[in-house]
Amino acid sequence: LHWAANNDNTYTINLLLQNFANIDVTSKDGRTALHRAAGHGYKQAVLALVTRNEDNDTTMAQFPGAQLNLKAIFDNHTPLHDALYNPHRSNIGDQVRVMNNVKDIVELLIGKTRNFEQITNKPPVKADGLAVLYCAQFGQQSAVLSMRQQVQNIRTEMMKMFKSKLSTSEFKEALKYEDPVTGRTALHFAAEYGNGPMIEFLLQYSTEWDKEDRSGNKPIDLALSRSRSLVQLLRHANHRNEVSAMARGGQSTDTQPVV
């Protein structure tokens, strides 16, 4: 079953399930077939595993689909985390197709549950934060502007999906989650990879616009190598927050943007 999921072989997946294969059997690292399919961005394989009990075949309909919240052993990833984390490392020329598949997979997994906790099997803030963090990351980037923009827009659409599942306060808390190695937040990664649409969206909720990672870099520092427009976005966020802080403290708001 794992081999079939790894190879997007829906015929074999269905054949095995019709013959009572254990849909949630795990490998040595604790991953299931659903982890494998989601981690490769194989939409049809994910559909075969998740919607098993919705099949028109009454033989299949009596069995439940794959569990969505089983965790891998070493990184504690659920299928949702693997879907967000692994496919962004796909080949440059294939990223648009893979990201569209990932968006559909994420939408499917989110739609199957009432909240993130049911598909992440972690404390809510940490789970939501990890999913949000992965959503902001990219892998290799295409030199073709139109392709890069398509991938950025797809990632931003997925981030909006997460926001729709969370309250505003929960989403703001999730955006504070830091990568345990680099200390970077979702806004850091969006800036590093030059994702203007995502930066604009995150700035509506994030208070991490001035936060330093473990190397002392703020999001604006990471945006410097990308484009002037991204730097301006973050400068304006800096300025707005400074003005807001001064107003709350009763001070004058007559100030200039940080240069």
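Sequential numbering from 1 along the given sequence is applied to the chain's residues. Everything quoted here is computed from the prediction, not taken from an experiment.
Taken from CH2 in W209 to CG in L234, the straight-line distance is 10.0 Å, to the nearest 0.5 Å. For the atom pair L187 CG and D213 CG, the distance stands at 11.5 Å (nearest 0.5 Å). Taken to the nearest 0.5 Å, the CE atom of M158 stands 10.0 Å off from the CD1 atom of I105. A distance of 10.0 Å separates OG1 of T168 from CD of Q204, quoted to the nearest 0.5 Å.
Using a 4.0 Å cut-off between charged side-chain N and carboxylate O, K160 and E157 make no salt bridge. Salt bridge K165/E170: absent, no basic N to carboxylate O contact under 4.0 Å. Using a cutoff of 4.0 Å between basic side-chain nitrogens and carboxylate oxygens, R184 and E192 are scored as salt-bridged.
Using a 4.5 Å cut-off on side-chain heavy atoms (C-beta onward), M161 and K103 make contact. Taking 4.5 Å as the limit, every side-chain heavy atom of T185 sits out of range of all side-chain heavy atoms of L175.
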Let's go through H40 and D8 carefully: what are the C-alpha distance in whole Å and the side-chain angles of both, what is the deciding distance for side-chain hydrogen bond (donor to acceptor under 3.5 Å, both in side chains) to 0.1 Å, and is it a yes or a no? CA-CA 9 Å; H40 284 294; D8 200 21; over 6 Å; no
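Residues passing the ring pair (Phe, Tyr, Trp, His ring centres under 6.0 Å) test with F189, sequence neighbours excluded: none.
In summary, the side chains of T182 and D179 do present a donor paired with an acceptor at a separation below 3.5 Å, with no hydrogens or angles considered. H188 and Y193 form no side-chain donor-acceptor contact under 3.5 Å, judged by distance and modelled atom types alone. Side-chain contact check for R36 and S27: at least one donor-acceptor pair (N or O, by modelled atom type) lies under 3.5 Å.
Between the side chain of H35 and the backbone N or O of H77 there is at least one donor-acceptor pair closer than 3.5 Å. At least one donor-acceptor pair under 3.5 Å links the side chain of T51 to the backbone N or O of L47. Judged purely by atom type and a 3.5 angstrom limit, N100 has no side-chain atom pairing as donor or acceptor with the backbone of R97.
Between H81 and Y134, the ring-plane angle classifies as perpendicular under the 30° and 60° cut-offs.
A side-chain hydrogen bond (donor to acceptor under 3.5 Å, both in side chains) with R31 is found for one member of T26, D82, T78 and no other, namely D82.
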